[in-house]
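Heavy-atom basis, side chains included; hydrogens, waters and symmetry copies ignored. Please read all numbers here as calculations on a predicted model, not as lab measurements.
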Amino acid sequence: MEIGIDSFAGLREGEHDGAAAINELLERIQFADQVGLHTFGIGEHHRQEFLDSSPFNILSAAAAKTDKIKLISAVTVLSASDPVRTFQSLSTLDLISKGRAEMVAGRGSFSEAFPLFGFDFKDYDDLFIEKLDLLLQIRNNEFVNWSGKFRPAINNLPIYPRPIQDPLPIWLGVGGTPQSFARAGVLGLPLMVAIIGGNTHRFKPLVDIYREAWMQAGHPPEKLQVGLHSLGFVGKTMEEAIDLYYEGYAKMFTKIGRERGWGPVTREQFDQLIGPLGAIVLGSPEQVAEKILRHSEALGGITRFQFQMDIADITHQKLLNSIELIGKEVIPLINK
């Protein structure tokens with residue numbers, strides 16, 4: 001199982017120095033590479049509290065500082081992107097990193113990108129389906145013939161640069177709709193399931209839809225991949241992890257909740273989420289390794305696990321400490 005981290009390049013409360021925050025993030029990616037993490041993903045948002053509106057720039061800078069770790073856009077908001085430029089950015093990252101680039105294509109959980117780039121949010125699903133089709137055609141063909149509703153046609157034009165990896169890994173990021181799981185299976189794309197609340201085992205029927213669609217489409221069983229993206233943090237003890245994580249988590253999700261009509265986060269809700277069946281993966285290295293394996297079993301087996309660590313208001317040094325625990329203790333425990 002591959003173990004890694006996803007980041008939104010968030011600013012901590014009261015922090016205004018974007019340059020310092022970005023460079024600390026690059027230091028964390030470099031350190032993750034050094035201590036043996038397999039993957040590092042950068043999301044895409046267009047909000048004041050996040051610095052990840054241009055994830056390929058951050059990943060390209062990280063590529064020059066790392067040697068082995070896979071570098072992932074996670075997720076690229078494909079519905080509001082131009083697939084040609086997205087592929088060119090991803091392919092360029094693959095060249096800079098010498099074959100370590102990957103992408104998770106998704107629709108995003110925030111709506112800001114749609115009006116910003118001139119799209120109507122009511123076309124949310126249609127935009128994604130059309131743009132994913134074009135992206136995959138570009139990946140699979142140097143010369144592209146394509147036409148659609150939301151973008152001008154491409155008439156037998158070449159698209160460069162071409163990547164090192166063939167095919168360039170493109171995962172499908174999904175939330176909770178059966179159609180998204182089935183789509184990934186039909187297309188033969190690796191699946192990245194984002195579970196940030198509730199109980200992880202409740203997603204098993206959806207993952208089964210993916211597996212069934214994959215097999216019915218005739219894709220090789222050995223290439224099927226299921227990844228899990230969850231909120232989490234590793235401390236020396238559960239008590240330390242809670243002390244560092246809870247306050248920032250509660251602030252962030254209470255703020256998001258106000259925008260979406262949810263109630264404020266309570267400690268009771270949090271305690272359920274960090275419990276044996278809850279989605280948040282938090283605790284000591286031993287507790288975290290056990291929970292990742294428990295989640296894997298609940299979903300019928302996963303091939304990759306991604307921590308979303310910096311959603312809480314945790315200092316750079318504490319994040320480095322957690323990354324070290326993941327690399328030196330969690331990964332060996334899971335391998336064992």
Side-chain angles (χ1 to χ4, degrees), residues 1-11 21-45 50-77 86 89-106 163-165 168-171 173 190 192-194 196 225 227-234 281 288 292 302-312 314-332 334-335:
M1 189 191 300
E2 293 180 314
I3 305 294
I5 290 171
D6 288 331
S7 173
F8 295 165
L11 286 167
I22 286 286
N23 281 280
E24 286 180 348
L25 173 59
L26 291 173
E27 184 180 338
R28 293 197 293 274
I29 300 174
Q30 186 176 19
F31 186 62
D33 184 46
Q34 292 168 356
V35 298
L37 273 68
H38 304 106
T39 57
F40 208 108
I42 302 294
E44 180 191 343
H45 298 84
F50 300 129
L51 299 172
D52 61 348
S53 64
S54 184
F56 290 109
N57 285 348
I58 299 173
L59 293 167
S60 293
K65 296 174 175 284
T66 55
D67 298 310
K68 297 179 181 179
I69 198 166
K70 295 177 183 178
L71 301 167
I72 310 164
S73 72
V75 301
T76 290
V77 184
T86 297
S89 296
L90 179 62
S91 186
T92 300
L93 173 63
D94 201 50
L95 297 176
I96 295 170
S97 66
K98 301 178 182 177
R100 293 183 284 126
E102 296 190 4
M103 173 181 168
V104 180
I164 293 172
Q165 298 180 85
L168 194 55
I170 296 176
W171 297 60
M192 181 57 66
V193 189
I196 61 172
Q225 297 184 73
L228 175 59
H229 163 106
S230 290
L231 301 172
F233 184 79
V234 185
V281 180
V288 163
I292 291 173
I302 64 173
T303 56
R304 178 179 291 179
F305 181 85
Q306 297 288 112
F307 286 92
Q308 174 60 57
M309 292 173 57
D310 58 5
I311 200 75
I314 303 172
T315 67
H316 173 56
Q317 185 58 53
K318 295 297 185 182
L319 289 169
L320 288 174
N321 294 345
S322 189
I323 290 169
E324 185 171 26
L325 290 171
I326 294 170
K328 294 186 176 180
E329 298 191 35
V330 174
I331 290 176
I334 288 174
N335 288 337

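The structure places CZ of Arg28 at 10.5 Å from CD of Gln317, a figure rounded to the nearest 0.5 Å. The structure places CZ of Phe233 at 4.0 Å from CD1 of Ile314, a figure rounded to the nearest 0.5 Å. Between Ile164 atom CD1 and Leu93 atom CG the span is 10.0 Å, to the nearest 0.5 Å. For the atom pair Ile326 CD1 and His38 NE2, the distance stands at 12.0 Å (nearest 0.5 Å). The distance from atom CD1 of Ile302 to atom CD of Glu2, rounded to the nearest 0.5 Å, is 11.0 Å. Here the straight-line distance linking atom CG of Leu90 with atom OG of Ser73 works out to 6.0 Å at 0.5 Å rounding.
Minimum interatomic distance between Ala62 and Leu26 (heavy atoms only, all atoms of both residues): N-CD2, 3.7 Å. Counting all heavy atoms, side chain and backbone alike, Pro169 lies closest to Ala101 at CD-O, 3.7 Å. In this structure, Ala9 and Ile58 approach most closely via the heavy-atom pair CB-CD1, 4.4 Å. Nearest heavy-atom pair across Gly41 and Ala74 is CA-CB, 4.1 Å. For Ser53 against Glu44, the heavy-atom pair with the smallest separation is O-CG, 4.1 Å. Here the closest non-hydrogen pair linking Gly4 and Leu37 is CA-CD2, 4.3 Å.
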Practice task
Could you walk me through whether Ile334 and Val330 pass the side chain to side chain contact (heavy atoms under 4.5 Å, CB included) test, one step at a time?
Solution key: CA-CA 6 Å; Ile334 288 174; Val330 174; 3.8 Å; yes
Exercise for the section: Start with the C-alpha distance between Val104 and Thr76, add both sets of side-chain angles, then the distance that settles side chain to side chain contact (heavy atoms under 4.5 Å, CB included), and finish with yes or no. Expected result: CA-CA 6 Å; Val104 180; Thr76 290; over 6 Å; no
Practice task
For the pair Ser230 and Ile196, evaluate side chain to side chain contact (heavy atoms under 4.5 Å, CB included) and give the outcome as yes or no after the intermediate values.
Solution key: CA-CA 5 Å; Ser230 290; Ile196 61 172; over 6 Å; no
Handout entry: side chain to side chain contact (heavy atoms under 4.5 Å, CB included) assessment of Val193 paired with His229
Key = CA-CA 6 Å; Val193 189; His229 163 106; over 6 Å; no
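Each of Val75, Ile5, Ile72, Asp52 was evaluated against Ile42; a single residue qualifies, Asp52, per the side-chain contact (heavy atoms from CB on, under 4.5 Å) test. In summary, of the residues considered (Ile323, Val234, Asp6), a side-chain contact (heavy atoms from CB on, under 4.5 Å) with Phe307 occurs for Val234 alone.
Asp33 has its side chain out of reach of Ile29: every pair of non-hydrogen atoms, C-beta onward, lies at least 4.5 Å apart. Residues Met1 and Phe305 have side chains in contact (heavy-atom distance under 4.5 Å, counting atoms from C-beta outward).
Between the side chains of Asn23 and Glu27, no donor-acceptor pair of N or O atoms lies under 3.5 Å. Residues Arg100 and Thr66 have side chains that bring a donor and an acceptor to within less than 3.5 angstrom of each other. Side chain to side chain, Thr92 and Ser89 fail the donor-acceptor criterion of an N or O pair below 3.5 Å. Side-chain atoms of Gln306 and Thr39 include a donor-acceptor pair closer than 3.5 Å.
A search for side-chain contact (heavy atoms from CB on, under 4.5 Å) contacts involving Glu324 returns Phe31, Lys328, not counting sequence neighbours. Checked against side-chain contact (heavy atoms from CB on, under 4.5 Å), Ile311 has the following partners two or more places apart in sequence or in another chain: Phe8, Phe50, Leu231, Tyr245, Met252, Phe253, Gln308.
No donor-acceptor pair under 3.5 Å is formed between the side chain of Arg304 and the backbone N or O of Met192. In this structure, Asp94 contributes its side chain and Pro163 its backbone to no donor-acceptor pair below 3.5 Å. Between the side chain of Glu102 and the main chain of Trp171, no donor-acceptor pair closer than 3.5 Å is present.
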